[in-house]
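First comes the structure, then the notes that go with it.
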Amino acid sequence: MTSLFAIVDGNNFYASCERVFNPELEGRPVVVLSNNDGAVIARSNEAKALGIKMGVPAFEIKDLVRRHDIKVLSSNYELYGDMSRRVVETLSRFTPNLEIYSIDESFLDLGDFYNVDLNEYARTIKETVKRWTGIPVAVGVAPSKTLAKVANRISKKSAKANGVLVLTDERHIEEALKRTEVADVWGIGPRYTRKLAAFGITTAWHLRNVTDAFARKHLTVVGLRTVRELRGMSCIDLEMVPAAKQNICTSRSFGKTLTELGDIRGALATHTVRCASKLRSQKSCAGVLTVFLQTSRFNDPGQCYFNSRTIKLDCPTSSELELLRYATGALQSIYREGYRYKKAGIILQDIVPDNQVQLNLLCSPNIDRDMKLMRALDSLRDRFGHKSVRYGVQGIKEEWALKQENVSPCFTTRLEDIIRVRS
DNA sequence: TCTGGGGTCCTAGGACCC
DNA sequence: TCTGGGGTCCTAGGACCC
């Protein structure tokens with residue numbers, strides 16, 4: 001074996017971020033809710049112990065909250081994003097060969113670290129992150145990413161491992177796989193779990209031992225890769241440079257249902273501006289735009305409406321002015337009076353690098369002007385926040401604003417919040 | 001009353017072309 | 001008029017991730 005990966009993942013990440021700045025939350029059950037305070041998306045260990053499941057609607061746990069004095073927080077992505085950056089910064093001191101996999105997980109390529117004491121090294125990573133950022137993490141080390149995920153998972157459940165597990169020894173790998181349900185393997189979702197159960201495959205160890213032909217047939221080439229990774233053969237490389245996104249989507253449920261086109265247009269315009277910012281930050285232009293609008297999925301069938309409109313742009317662009325024009329036009333064409341709308345959004349596709357845009361006769365004559373304006377807007381928003389410059393169409397009163405009843409201050413990124421907290 | 005948001009990749013099938 | 005196969009491109013749908 002030559003390859004070696006570590007995965008470092010923040011324990012109950014959002015709840016832990018909140019705890020770093022609010023010691024009162026220590027030792028208490030804490031849950032963090034999704035946008036609009038809809039559903040539970042993060043739980044402290046104490047909250048998990050009370051049986052609160054991932055994704056349950058907030059209203060379903062009201063009794064539990066009262067009885068156990070659970071601290072319920074709205075999500076604060078500005079805070080979590082900044083804490084995530086600090087964790088990555090810390091990890092990058094250990095190796096530059098690092099992949100930021102998600103807001104709370106990074107893979108490290110430990111390449112030829114076979115001659116160091118891996119247990120001690122992994123423990124040093126864990127303790128350093130805790131000391132420098134306040135975030136508790138778990139570290140799993142193994143010859144493939146998929147096995148590292150298995151190690152990481154067990155490290156959190158086993159008191160003996162206490163957040164650090166190295167799986168390089170064949171006997172240990174076998175034992176770990178036998179203890180891991182197939183549903184908990186990275187890459188095996190609910191559908192495959194059911195399918196595999198029909199063949200009597202219920203543990204990661206069973207899955208490791210299927211034939212290549214079986215894996216290929218029932219789980220496609222993706223599943224075959226997973227099986228090989230479970231055997232210790234590394235098939236999924238570290239991606240140090242994040243690939244440019246091929247789709248960029250911004251959508252939100254409204255804080256309350258909306259009926260008026262003007263209010264919905266305000267929300268969609270704001271999503272469009274955000275989406276265009278994301279597009280420009282990866283130096284791309286989009287050639288296709290989709291706008292969608294929908295009522296609640298939980299409405300009676302007669303009151304359900306979903307529609308979308310996809311438009312091929314005359315010329316790929318990242319100009320908010322142009323995208324706003326297309327988006328509001330598309331919205332107009334799918335809006336129907338008489339429904340109570342819950343959500344709207346925009347998806348940008350056919351994304352190309354901004355220096356490879358094919359110009360043609362239909363392109364806007366204002367490209368240079370728009371790009372200068374976008375640069376100015378980007379730098380203003382960078383300094384003063386994304387709400388500092390707005391278009392008229394976004395509206396002043398945000399009828400659609402998120403419901404956030406208990407959001408914590410942005411302790412690390414907003415001066416006004418920091419001042420407020422300290423006084 | 002209240003039920004998240006943002007992504008990726010693979011496959012199968014049809015259209016179309018030579 | 002009939003015969004055949006192979007290739008590419010696109011799209012929809014299905015699976016997964018956090």
Side-chain angles (χ1 to χ4, degrees), chain A residues 7-14 31-42 52-63 65 72-77 80-81 84 99-107 145-146 149 152-153 182-196 215-226 229 235-236 239 242-257 267 271 274-275 278-279 282 288 290 292 294-300 303-304 308 310 312 340 342-351 402-405:
Chain A
I7 180 150
V8 182
D9 129 313
N11 304 341
N12 317 322
F13 187 65
Y14 298 167
V31 301
V32 178
L33 304 180
S34 61
N35 282 328
N36 284 314
D37 295 345
V40 173
I41 53 168
I52 297 174
K53 299 274 182 257
M54 194 72 172
V56 295
F59 66 88
E60 280 180 17
I61 59 165
K62 269 191 180 154
D63 278 354
V65 167
V72 179
L73 296 161
S74 306
S75 39
N76 181 347
Y77 287 103
Y80 312 150
S84 172
E99 171 185 344
I100 303 169
Y101 177 66
S102 74
I103 193 165
D104 71 330
E105 289 176 63
S106 292
F107 285 104
K145 282 179 163 182
T146 306
K149 293 276 274 185
N152 178 284
R153 203 169 169 284
V182 80
D184 295 325
V185 172
W186 191 40
I188 304 298
R191 292 295 177 97
Y192 283 166
T193 298
R194 241 180 297 150
K195 195 167 182 177
L196 289 168
R216 176 72 186 77
K217 177 166 179 212
H218 296 286
L219 312 173
T220 81
V221 295
V222 181
L224 175 58
R225 212 159 51 199
T226 297
E229 285 244 321
C235 306
I236 307 172
E239 287 178 38
K245 297 194 190 324
Q246 301 169 42
N247 299 285
I248 300 178
C249 170
T250 304
S251 76
R252 294 280 182 287
S253 296
F254 310 133
K256 58 181 188 188
T257 54
H271 299 340
R274 295 284 281 176
C275 208
K278 294 186 206 173
L279 183 67
Q282 69 163 36
V288 168
T290 299
F292 64 88
Q294 65 192 77
T295 56
S296 169
R297 310 196 300 276
F298 303 97
N299 279 1
D300 291 335
Q303 282 138 34
C304 271
S308 69
T310 298
K312 180 152 177 33
R340 297 163 55 78
K342 191 60 191 168
K343 183 176 179 179
I346 177 167
I347 307 166
L348 300 178
Q349 295 162 92
D350 272 28
I351 289 175
L402 288 181
K403 186 173 126 198
Q404 287 194 311
E405 285 181 346

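To find a chain, count down the sequence lines: A is the first, B the second, and so on, and within it residues start at 1.
- Counting all heavy atoms, side chain and backbone alike, Ser251(A) lies closest to Lys343(A) at OG-CE, 3.6 Å.
- For Asp350(A), the salt bridge (charged side-chain N to carboxylate O under 4.0 Å, His left out) test picks out no residue, with sequence neighbours left out.
- By the ring-ring contact (aromatic ring centres under 6.0 Å, His included) test, Tyr77(A) is found to be paired with Tyr14(A), Tyr80(A), residues two or more places apart in sequence or in another chain being considered.
- Note: CD (Gln303(A)) to P (dT1(B)) measures 12 Å, nearest angstrom.
- At the heavy-atom level, Leu33(A) lies nowhere under 4.0 Å from the strands shown.
- In this view, Phe292(A) satisfies the ring-ring contact (aromatic ring centres under 6.0 Å, His included) rule with no residue, not counting sequence neighbours.
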Q. Would you write out the dot-bracket form of DNA chain B, 5' to 3', with Watson-Crick and G-U pairs under 3.5 Å, [ ] for crossing pairs, | for pairs to other strands and . for unpaired bases?
A. ....||||||||||||||
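- For Tyr101(A), the ring-ring contact (aromatic ring centres under 6.0 Å, His included) criterion is met by Phe107(A), Trp186(A), not counting sequence neighbours.
- Contact record, Ile188(A) with Thr193(A): CG2-OG1, 3.6 Å, taken as the closest heavy-atom pair.
- Shown here are the side-chain contact (heavy atoms from CB on, under 4.5 Å) partners of Thr290(A), two or more places apart in sequence or in another chain: Ser308(A), Thr310(A), Ile347(A), Gln349(A).
- With sequence neighbours left out, Ser84(A) forms a side chain to side chain donor-acceptor pair (under 3.5 Å) with no residue at all.
- Counting heavy atoms of neighbouring residues, nucleotides and ligands inside a 6.0 Å radius, atom CD1 of Ile100(A) does not exceed 12 of them.
- Between Tyr80(A) atom OH and dC18(C) atom P the separation is 19 Å, expressed in whole Å.
- A heavy atom closer than 4.0 Å to some atom of DNA chain C occurs in no member of residues 243-251 of chain A.
- Counting non-hydrogen atoms of other residues, nucleotides and ligands closer than 6.0 Å to NZ of Lys53(A) gives a total of 12 or fewer.
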Return the polar atom pairs (N/O with N/O) between nucleotides 2-4 of chain B and the protein under 3.5 Å, or none.
residue	atom	partner	partner atom	Å
dT3(B)	OP1	Lys342(A)	NZ	3.3
dG4(B)	O4'	Ser34(A)	OG	3.1

At a cut-off of 3.5 Å, list every protein nitrogen or oxygen paired with a nitrogen or oxygen from nucleotides 10-15 of chain C, distance to 0.1 Å.
residue	atom	partner	partner atom	Å
dA15(C)	OP2	Arg191(A)	NH1	2.1

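- Counting non-hydrogen atoms under 4.0 angstrom, Val185(A) reaches the backbone sugars and phosphates but no base.
- Between the C1' atom of dC17(C) and the CG atom of Leu219(A) lies a distance of 16 Å, rounded to the nearest Å.
- Regarding Asp104(A), its CG atom lies at a distance of 15 Å from the C1' atom of dG5(B), rounded to whole Å.
- Under the rule for a side chain to side chain donor-acceptor pair (under 3.5 Å), Lys217(A) has no partner lying at least two apart in sequence or in another chain.
- A search for side-chain contact (heavy atoms from CB on, under 4.5 Å) contacts involving Asp63(A) returns Arg66(A), Arg67(A), not counting sequence neighbours.
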